[in-house]
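Just so you know, these numbers use all the heavy atoms, side chains as well, and skip hydrogens, waters and symmetry mates.
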Amino acid sequence: MRQEIRGGIVAFVAMAYIVVLNPLILGGSADVTGGTLDFAQLTAVTGLVAGLITILFGVVARLPFALAAGLGMNSFLAVSVVQEVTWAEAMGLVIINGIIIVLLGATGIRTAIFNAVPHALKIAITVGIGLFIAFIGFVNSGFVTRTPAGPPVQLGQDGSITSLPTLVFIGALILIGVLVARKVPGGILIGMIVATIAAIIIQAFAKLGTVGDPVNPDPQGWNLSAPQLPSQVVALPDFSLIGAFDLFGSFERIGVLAATMLVFTLVFTNFFDAMGTMTGLARSAGLQTDDGMFPRIRGAFIVEGLGAVAGGGASASSNTVFVDSAAGIAEGARTGLAACVTGVLFLLSMFFAPLIGVIPMEAGAAALVVVGAMMVTQIREIDLSDFRTSLPVFLTMVTMPLTYSIANGIGVGFISWAVIHAFSRRGQHVHWLLWVVSVGFVLYFVRGPISAMLGG
């Protein structure tokens, strides 16, 4: 019981940044008519939907996975979709996407596709997710940054560690690593708490800003928000965004074909991101069976689809399984009780949003790197002696972090597996569903030119 509760708390602390980050992403973009979403209202619905769906997932699927607004989905909505439609219409598309996901889960189609994936690719997905979340941790902490010219990424600033927040991350990473290595109960949570306290003390003296401050950006500052004690701890949530969607308005505004392409993109991203994440988390928790399945898989798929419906209905964006749940699993979470604990904390976050903002992203980033290292160790279970296996496995693993997308890694892995086996006289060993999904991924990867042709 204590292990489940502790795991649920750790998962929430690792994911708490979404309560602040999701409103920043969604609230920072105006739609095609100039309309915007209110930050405070977004904060309320982000916590509400994440809390309710995570608790439902814990009760129905009884797995230690937490759900919240998916970062890939909300970024896609803010950057691309609302350049063509209004926010209400965009959330209508998210609901349609969720309904399709629910139907695919309820009819068993999603489970059938899951079963068609070769065992080696399932493990590769887990390893790729480990690399992906470690890379997320490195980027969120400032340990890895993009360069203005030259190589795509670099160490720190100009090849050096120069900022105090990145030093907090390094200290937290070492501390958590030592505690986990020594098998100290609650090692990840202890490390994150110590890092948060250290960050508050550093901020009190250094008075750093944030990297993304739109007025006065501080390259040496914190990633998301400065860790300082808030002026107020409690704030009443505003649920005005609930129901503020237009289900079919986008089809009238941009046409049936263009709107359908947007739905196609949403479904593919939602479907395979969640499937890959659940595969990796289940394997990390030791819950997978020999054939790569995990318990109550159909219920898990249905509830995850409902997360998209609920997220669109509340204008919080599609809610999906969070890879950050791996932090709670690493802390010992194995059942739905941990998910329920995380969900309750998300509901409480609606009232304690100012306090949640104290936790620096750098503290959570250290936990992600440690968990990524744990997940990568499962590569030992893949037989890499056959190049027909090793190349698709390799492409799956590296594409996820290098393209910042779980779905992209799965797609590249599926396509390469099918094609290489077919042209090396092993095509009969490729499940027909894998061929169908691979064709779908080809369309997904060239959706930009297709959308341009439709628009033209």
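Residues Ala68 and Phe322 approach most closely at O-CE1, 3.5 Å, considering heavy atoms. Residues Gly328 and Val10 come closest through the heavy atom pair N-CG1, 4.0 Å.
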Report task. Output, in order, the C-alpha distance, side-chain angles, deciding distance and verdict of side-chain contact (heavy atoms from CB on, under 4.5 Å) for Asn223 and Thr210. Result -> CA-CA 6 Å; Asn223 186 316; Thr210 58; over 6 Å; no

Report task. Apply the test side-chain contact (heavy atoms from CB on, under 4.5 Å) to residues Phe441 and Ile410: give CA-CA distance (whole Å), side-chain angles for both, the deciding distance (0.1 Å), then the verdict. Result -> CA-CA 9 Å; Phe441 264 115; Ile410 294 174; 4.2 Å; yes

Query - Asp238 and Ser240: CA distance, side-chain angles, deciding distance, side chain to side chain donor-acceptor pair (under 3.5 Å) verdict - result: CA-CA 6 Å; Asp238 181 349; Ser240 301; 2.5 Å; yes

**Report entry** Evaluation steps, side-chain contact (heavy atoms from CB on, under 4.5 Å), between Leu262 and Ser250
**Finding:** CA-CA 10 Å; Leu262 290 177; Ser250 57; 5.9 Å; no

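Each of Leu179, Val180, Ile174, Val178 was scored for a side-chain contact (heavy atoms from CB on, under 4.5 Å) with Ile176, with one residue passing: Val180. Screening Leu306, Leu52, Val303, Ile302 for a side-chain contact (heavy atoms from CB on, under 4.5 Å) involving Phe57 leaves a single residue, Val303.
Judged by distance alone, the side chains of Glu304 and Asn270 do bring a donor and an acceptor atom under 3.5 Å apart. In the model, Asn408 has no side-chain atom that pairs as donor or acceptor with a side-chain atom of Thr399 under 3.5 Å. Residues Thr145 and Gln154 have side chains that bring a donor and an acceptor to within less than 3.5 angstrom of each other.
Rounding to the nearest 0.5 angstrom, the gap separating the CG atom in Leu345 from the CZ atom in Phe352 is 11.0 Å.
Atom CZ of Phe394 is surrounded by 12 or fewer heavy atoms from other residues, nucleotides or ligands within 6.0 Å.
The aromatic rings of Tyr404 and Phe132 sit perpendicular, their planes meeting at an angle over 60°, well past the 30° parallel limit.
Taking the side chain as every heavy atom from C-beta outward, Thr166 and Gln220 never approach each other to under 4.5 Å. The closest side-chain heavy-atom distance from Met350 to Leu347 is below 4.5 Å.
Ionic pairing of Lys122 and Glu381 is not present here: no N-O contact between side-chain nitrogen and carboxylate oxygen is shorter than 4.0 angstrom.
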